[in-house]
Enquirer: 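Here's a structure for you.
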Amino acid sequence: MSEKLKVGILGGTGMVGQRFISLLENHPWFEVTTIAASPRSAGKTYEEAVGDRWKMDTPMPEAVKNIVVMNVNEVEKVAAQVDFVFSAVDMTKEEIKKIEEDYAKTETPVVSNNSAHRWTPDVPMVVPEINPEHMEVIKYQKERLGTTRGFVAVKPNCSIQSYAPVLTAWKEFEPYEVVVTTYQAISGAGKTFKEWPEMVGNIIPFIGGEEEKSEKEPLRVWGYVDDEKKEIVPATSPVITAQCIRVPVLNGHTAAVFVKFKKQPTKQQLIDALLAYKGAPQELNLPSAPKQFITYHEEENRPQVTLDVNYENGMGINVGRLREDTVYDWKFVGLSHNTVRGAAGGAVLCAELLKAQGYITKK
């Protein structure tokens with residue numbers, strides 16, 4: 001047990017914090033030893049602090065119930081207890097930026113689920129199967145922060161997971177124009193139906209800031225590390241336009257996507273490329289990595305949230321309904337689990353990659 005890295009969860013009482021805790025139960029490399037949250041939760045046991053707000057399908061792990069929650073703002077005190085932290089704090093963007101860098105400056109790596117640092121030029125924003133090489137920008141971030149082992153790394157928005165990996169698998173065919181509409185689950189807002197009854201039988205055609213993220217974040221993931229500028233430079237293609245809609249589903253973001261290609265692939269070539277696609281997590285056999293990253297469903301009525309959202313423990317990507325289009329070249333439907341692959345699970349996989357690459361070690 002002592003060989004495992006000691007992990008802290010910042011913002012451990014919220015929905016994503018809870019997802020971190022449930023995913024890290026019995027993790028072979030990481031052990032949750034510290035939970036930090038707002039001052040109002042500090043001093044209570046985790047079980048008391050969460051109370052009746054436990055939102056996961058599985059019970060609260062016994063190992064965390066009696067952990068006394070620390071004040072997330074007591075940075076030095078929390079950082080002294082752990083090898084690295086996951087961040088799921090609920091604060092303003094500026095507060096998040098500051099507190100995550102404050103933790104990094106204590107020589108504590110921060111793997112964040114938050115959006116605050118996604119456009120900080122020297123912070124890697126990584127989907128481990130797509131751009132593991134972006135972690136190389138960490139050396140420039142450490143220069144800026146004046147650290148030797150402390151840094152911030154982030155994962156991208158949950159909504160892009162259901163189509164950006166697909167477009168990456170099709171890179172050889174040169175997609176250049178994409179129209180995407182995402183149908184996003186309420187857990188993406190940190191809510192359940194009990195807390196948000198007006199979502200039952202309802203659709204809301206607006207999610208604040210989501211369309212810009214859905215259009216721009218894939219381009220940063222597809223960018224490159226510029227060693228002269230010491231930052232990530234985003235790609236310029238394909239051009240993406242997005243609409244994001246909140247739908248009455250608990251977990252699972254679905255995307256309806258239209259694509260134009262410079263080269264003209266066949267349907268079979270596109271499917272074969274999806275099934276063959278793998279990345280560093282599969283090659284390194286990381287603990288949370290899906291064995292088959294992307295799967296293709298031949299049935300006309302798949303992927304479906306109820307049938308497919310937990311594919312590969314929620315870490316895999318589902319694709320179906322690939323067909324030729326009359327205006328664009330091809331269209332398809334994608335599905336991913338928004339709080340597993342899209343949030344906490346994606347961050348856990350990033351931490352596993354960082355450990356495998358030597359960025360996260362015992363203090």
Side-chain angles (χ1 to χ4, degrees), residues 1-12 14 16-37 46 61 63-64 67 69-89 96-114 116-118 120 122-126 128 132 134-142 144-155 280-281 284 286-289 343-363:
M1 193 63 107
S2 61
E3 290 306 300
K4 292 188 182 184
L5 294 173
K6 292 179 180 175
V7 180
I9 313 286
L10 311 181
V16 175
Q18 292 178 24
R19 180 66 77 184
F20 273 121
I21 281 163
S22 62
L23 287 175
L24 291 167
E25 186 179 16
N26 303 318
H27 193 283
W29 296 356
F30 307 145
E31 181 185 4
V32 177
T33 58
T34 304
I35 301 170
Y46 184 66
V64 300
I67 291 177
V69 177
M70 299 180 76
N71 181 348
V72 74
N73 299 314
E74 293 180 349
V75 175
E76 296 276 353
K77 200 170 163 187
V78 175
Q81 312 283 322
V82 297
D83 295 313
F84 77 100
V85 296
F86 288 110
S87 175
V89 290
I96 292 169
K97 274 186 173 176
K98 182 179 186 309
I99 201 166
E100 290 183 349
E101 287 199 351
D102 286 349
Y103 273 92
K105 286 172 183 171
T106 69
E107 300 295 0
T108 306
V110 178
V111 181
S112 181
N113 181 69
N114 296 306
H117 272 298
R118 286 187 195 148
T120 303
D122 58 11
V123 170
M125 180 174 74
V126 171
H134 282 201
M135 297 303 190
E136 291 166 19
V137 83
I138 286 169
K139 61 178 178 275
Y140 301 125
Q141 186 192 146
K142 286 177 177 174
R144 176 173 63 85
L145 296 175
T147 58
T148 55
R149 78 186 289 281
F151 61 87
V152 180
V154 301
K155 49 144 289 297
L284 295 166
L286 299 178
S288 301
V348 170
L349 193 60
C350 280
E352 293 170 0
L353 176 65
L354 285 160
K355 180 185 181 294
Q357 293 176 328
Y359 290 100
I360 291 179
T361 55
K362 279 192 109 53
K363 270 187 182 171

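Hydrogens, waters and symmetry mates are skipped; everything else that's a heavy atom, side chains included, is used. All of these numbers come straight from a predicted model, not from anything done at the bench.
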Enquirer: Can you tell if the side chain of Lys139 reaches within under 4.5 Å of the side chain of Phe151, non-hydrogen atoms only?
Expert: no
Enquirer: Is the closest side-chain heavy-atom distance between Leu24 and Ile9 below 4.5 Å?
Expert: yes
Enquirer: For Lys4, is there any backbone N or O sitting under 3.5 Å from a side-chain donor or acceptor partner on Lys362?
Expert: yes
Enquirer: Specify the closest pair of heavy atoms between Lys155 and Cys350, including all atoms of both residues, with the distance to one decimal.
Expert: CB-SG, 4.3 Å
Enquirer: Shortest non-hydrogen contact from Ala153 to Val123?
Expert: CA-CG1, 4.2 Å
Enquirer: Going through the checks in order, is the side chain to side chain contact (heavy atoms under 4.5 Å, CB included) test met by Val7 and Phe84?
Expert: CA-CA 5 Å; Val7 180; Phe84 77 100; 3.5 Å; yes
Enquirer: For residues Gln18 and Ile21, determine if any side-chain heavy atom of one lies less than 4.5 Å from a side-chain heavy atom of the other.
Expert: no
Enquirer: What closest approach, in Å, do Val111 and Leu354 show between heavy atoms, and which atom pair accounts for it?
Expert: CG2-CD1, 3.8 Å
Enquirer: Please confirm whether the backbone N or O of Lys6 pairs with a side-chain atom of Lys363, one donor and one acceptor, at under 3.5 Å?
Expert: no
Enquirer: Looking at Ser87, is its backbone amide N or carbonyl O close enough to the side chain of Tyr103 to form a donor-acceptor pair, meaning the two atoms are under 3.5 Å apart?
Expert: no
Enquirer: I need the minimum non-hydrogen distance between Glu136 and Tyr359, along with the two atoms involved.
Expert: CA-OH, 3.7 Å
Enquirer: Does the side chain of Leu10 reach to within under 4.5 Å of the side chain of Val78, using non-hydrogen atoms?
Expert: yes
Enquirer: Please lay out, stage by stage, how Thr120 and Arg144 fare under the test side chain to side chain contact (heavy atoms under 4.5 Å, CB included).
Expert: CA-CA 12 Å; Thr120 303; Arg144 176 173 63 85; 3.7 Å; yes
Enquirer: Students often mix this up, so state it plainly: with edges at 30° and 60°, are the rings of His27 and Trp29 parallel, tilted or perpendicular?
Expert: perpendicular
Enquirer: Going through the checks in order, is the side chain to side chain contact (heavy atoms under 4.5 Å, CB included) test met by Val75 and Ile99?
Expert: CA-CA 8 Å; Val75 175; Ile99 201 166; 4.1 Å; yes
Enquirer: Please tell me if the side chains of Thr148 and Lys142 come closer than 4.5 Å, counting only heavy atoms from C-beta onward.
Expert: no
Enquirer: Can you classify the ring geometry of Phe86 versus Phe20 as parallel (below 30°), tilted (30 to 60°) or perpendicular (above 60°)?
Expert: parallel
Enquirer: Report the C-alpha separation of Asp83 and Ile360 in whole Å, then their side-chain angles, then the decisive distance to 0.1 Å, and conclude whether the side chain to side chain contact (heavy atoms under 4.5 Å, CB included) test is met.
Expert: CA-CA 8 Å; Asp83 295 313; Ile360 291 179; 5.6 Å; no
